[in-house]
**Q** 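One structure coming up, written as structure tokens, with questions to follow.
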Amino acid sequence: MAASFHLFFIIFLSGFAAFPIFSFVYANANTTQHSWTPINHHLYHSGEGLIEKIKSLVHRHPDKLTVETIQAGTKDYKADITVVTYSQNWEQSGDKSKLRILLSFGQHARELISSELALRILSALGEEQFPPEMDPASLHDTLENVVIKIVPMENLNGRKIVDAGELCERKNGRGVDLNRNWAVNWGKKEKDYDPAEEYPGTAPFSEPETQIMRELAVSFNPHIWVNVHSGTDGLFMPYDHKKSTPDGLPSQRMRELLDELNVLYCSNRCLVGSGGTAVGYLAHGTATDYMYDVVRVPMAFTFEIYGDDKASGADCFKMFNPIDQTTFKVKADCLTLIRVMDQWCASFFTLFKLGPVCLM
């Protein structure tokens with residue numbers, strides 16, 4: 001591992017609610033049960049409110065940020081996905097020598113913290129709210145050679161269901177798990193398959209949300225993909241649908257990077273490795289497996305950024321999201337004090353900085 005990883009790679013990350021994180025979630029959490037803990041609206045935006053705040057932020061920084069809304073669907077079911085693009089120089093935004101990074105948040109509706117982190121990262125990209133200890137003077141150099149596309153809320157239709165009170169809902173607006181609707185090993189069902197959590201749809205890419213994301217990934221052709229979830233502390237790489245990782249040097253570099261992150265910033269607490277091995281069960285039809293195998297993204301990850309393993313399986317909001325000001329900003333683990341939102345934001349900026357090093 002290069003010394004630069006030790007010095008700079010500060011990612012405390014996230015997101016494999018790609019998987020049904022805890023087995024008891026399957027047994028107890030479903031969309032007919034209301035969470036015991038309500039949404040703290042002092043901390044969390046509504047889905048539509050968060051998108052509007054992001055659009056306002058983008059419009060304040062047209063020199064760095066642009067926003068578009070991509071639509072797909074039929075007369076019976078439509079989806080809108082907001083995509084924000086960052087580039088320091090729009091004349092060079094199509095320069096294929098630049099590092100291209102694609103980040104997706106809010107794929108599962110109940111994981112509100114994921115989309116809040118997207119807003120925090122965009123605030124830093126707009127230079128409105130820097131993470132602690134980040135040197136604003138170095139930000140320009142870090143981001144000079146990258147183009148970043150951020151999907152802050154992939155599953156807005158599902159999020160509307162959560163905002164209406166069904167706090168255990170993770171699927172989209174017509175009951176499909178968007179992280180089971182991709183084409184790699186689609187439709188295979190394990191013995192613990194629960195349609196209330198994992199229904200994969202009628203066919204690969206049956207859902208407009210996954211159709212939009214596929215086209216975005218193919219056209220952008222990123223070097224790095226990160227799918228950000230909550231539900232546990234985990235750092236995952238392919239594969240999700242089998243208990244193995246890809247062969248070769250790229251896979252080795254991904255694994256070394258995740259091991260380093262686990263030691264330095266997760267206190268060896270995080271689950272690490274292939275999703276199919278680390279979480280103890282297999283997930284079929286996931287976005288990260290498709291990004292790696294089909295889109296050929298060199299470094300494809302799923303990050304889990306938060307989980308309360310002491311929460312009841314029916315208390316979905318508490319299980320997947322910090323519930324008060326203290327845990328929203330600070331998470332205590334033994335002698336380690338991890339500043340959750342600020343640390344995660346700073347971690348992604350370290351990822352932007354080290355991306356070229358990882359791919360060399």
Side-chain angles (χ1 to χ4, degrees), residues 15-20 26 29-32 47 51 68-83 102-111 114-115 149 151-162 164 166 168-220 222 225 227-229 238-242 275-276 281-297 300 302:
F16 214 60
F19 292 137
Y26 274 19
N30 59 62
T31 57
T32 65
I51 294 298
E68 60 181 321
T69 300
I70 305 175
Q71 300 178 323
T74 66
K75 64 179 182 179
D76 297 321
Y77 183 76
K78 297 179 173 63
D80 297 345
I81 290 184
T82 298
V83 182
L102 179 58
L103 309 178
S104 179
F105 302 80
Q107 187 181 52
H108 284 153
R110 63 195 178 196
E111 298 161 18
S114 171
S115 293
K149 286 188 180 290
V151 175
M153 191 174 299
E154 183 179 329
N155 184 10
L156 179 58
N157 288 340
R159 176 60 184 274
K160 290 176 182 177
I161 296 173
V162 171
E166 296 293 343
C168 286
E169 182 59 79
R170 80 182 216 151
K171 304 182 298 297
N172 75 348
R174 59 178 177 187
V176 175
D177 183 344
L178 297 178
N179 210 30
R180 299 294 185 275
N181 192 235
W182 295 73
V184 173
N185 214 235
W186 174 87
K188 184 174 181 181
K189 298 176 178 64
E190 296 295 316
K191 292 180 180 179
D192 61 354
Y193 168 73
D194 181 355
E197 290 278 292
E198 294 186 276
Y199 177 58
T202 57
F205 302 109
S206 62
E207 303 311 292
E209 295 93 343
T210 51
Q211 294 167 20
I212 292 170
M213 291 301 299
R214 175 184 60 184
E215 294 306 312
L216 177 63
V218 170
S219 62
F220 186 48
W225 154 264
N227 194 7
V228 182
H229 286 265
Y239 289 105
D240 306 335
H241 71 277
K242 56 186 176 181
Y281 49 81
L282 305 180
H284 307 279
T286 68
T288 293
D289 279 3
Y290 188 89
M291 292 295 178
Y292 189 82
D293 262 7
V294 180
V295 184
R296 300 295 182 184
V297 178
T302 304

**Q** Under the side-chain contact (heavy atoms from CB on, under 4.5 Å) rule, what do E154 and I81 come out as? Steps first, then yes or no, please.
**A** CA-CA 6 Å; E154 183 179 329; I81 290 184; 4.1 Å; yes
**Q** Look only at the side chain of N157 and the backbone of K78, and say whether a donor-acceptor pair between them is shorter than 3.5 Å.
**A** yes
**Q** Looking only at atom types and distance, does a side-chain atom of N179 sit under 3.5 Å from a main-chain N or O of A287, one as donor and one as acceptor?
**A** yes
**Q** Any side-chain heavy atom of K188 within less than 4.5 Å of one from Y193?
**A** no
**Q** Show your working on side-chain contact (heavy atoms from CB on, under 4.5 Å) between E68 and K149 and close with a plain yes or no.
**A** CA-CA 11 Å; E68 60 181 321; K149 286 188 180 290; 4.3 Å; yes
**Q** Applying side-chain contact (heavy atoms from CB on, under 4.5 Å) to I70 and V83, what does each step give before you reach the verdict?
**A** CA-CA 8 Å; I70 305 175; V83 182; 3.9 Å; yes
**Q** In Å, rounded to the nearest 0.5 Å, how long is the span from NE2 of H284 to CG of D177?
**A** 12.5 Å
**Q** Would you say E207 and N172 are linked by a side-chain donor-acceptor pair, where the criterion is simply a distance under 3.5 Å?
**A** yes
**Q** If you compare all heavy atoms of P222 against all heavy atoms of A217, which two are closest, and at what distance to 0.1 Å?
**A**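 For P222 versus A217, the nearest heavy atoms are CD-O, 3.4 Å.
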**Q** If we ignore hydrogens and angles and just use 3.5 Å, is the side chain of R110 paired with the main-chain N or O of C168 as donor and acceptor?
**A**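 Such a contact is found between R110 side chain and C168 backbone.
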**Q** For Q71 and D80, indicate whether the former's side chain and the latter's backbone hold a donor-acceptor pair under 3.5 Å.
**A** no
**Q** Rounded to the nearest 0.5 Å, what separates atom CD in E197 from atom CD in E169?
**A**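 E197 CD to E169 CD: 8.5 Å, rounded to 0.5 Å.
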**Q** Run the side-chain contact (heavy atoms from CB on, under 4.5 Å) test on R214 and F205 for me, step by step, so that the C-alpha distance in whole Å, both residues' side-chain angles and the decisive distance to 0.1 Å come before the verdict.
**A** CA-CA 8 Å; R214 175 184 60 184; F205 302 109; 3.2 Å; yes
**Q** Which heavy atom in N155 sits nearest to a heavy atom in R170, and how many Å separate them?
**A**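 Nearest heavy atoms, N155 then R170: ND2-O, 3.5 Å.
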**Q** Side chains of L103 and V228: closer than 4.5 Å at any heavy-atom pair?
**A**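 They are not in side-chain contact.
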**Q** Over 60° means perpendicular and under 30° means parallel, so tell me whether W182 and Y290 are parallel, tilted or perpendicular.
**A** tilted
**Q** With rounding to the nearest 0.5 Å, note down the distance linking OG1 in T302 to CH2 in W225.
**A**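 Rounded to the nearest 0.5 Å, the OG1-CH2 separation comes to 8.0 Å.
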**Q** Look at the side chain of K171 and the backbone N and O of G158, then say whether any donor-acceptor pair between them is shorter than 3.5 Å.
**A** no
**Q** Kindly give the heavy-atom pair with the smallest separation between I51 and P152, and that separation in Å.
**A** CD1-CG, 4.1 Å
**Q** Measure across G201 and S206 and return the closest heavy-atom pair with its distance rounded to 0.1 Å.
**A** CA-OG, 3.8 Å
**Q** Report yes or no: does K242 contribute a side-chain atom to a donor-acceptor pair with the main-chain N or O of D240 at less than 3.5 Å?
**A**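 Flag not set: sc K242 to bb D240 has no pair under 3.5 Å.
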**Q** What's the separation between atom OH in Y239 and atom OH in Y292, rounded to the nearest 0.5 Å?
**A**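 Going from OH on Y239 over to OH on Y292, the span is 6.0 Å.
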**Q** Backbone N or O of P200 within a donor-acceptor pair of the N181 side chain at under 3.5 Å?
**A** yes
**Q** Which value, rounded to the nearest 0.5 Å, describes the distance between R174 atom CZ and Y199 atom OH?
**A** 9.0 Å
**Q** For the side chain of N227 and the backbone of F105, is there at least one donor-acceptor N/O pair under 3.5 Å apart?
**A**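 Answer holds: no.
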**Q** Provide the closest heavy-atom pair for P238 versus A300 in the form atom of the first, atom of the second, distance.
**A** CD-O, 3.2 Å
**Q** Mind checking the NE2-CG spacing from H241 to D289? Nearest 0.5 Å is all I need.
**A** 5.5 Å
**Q** Taking all non-hydrogen atoms of both residues into account, name the closest pair between M153 and L156 and its distance.
**A** SD-CD1, 3.6 Å
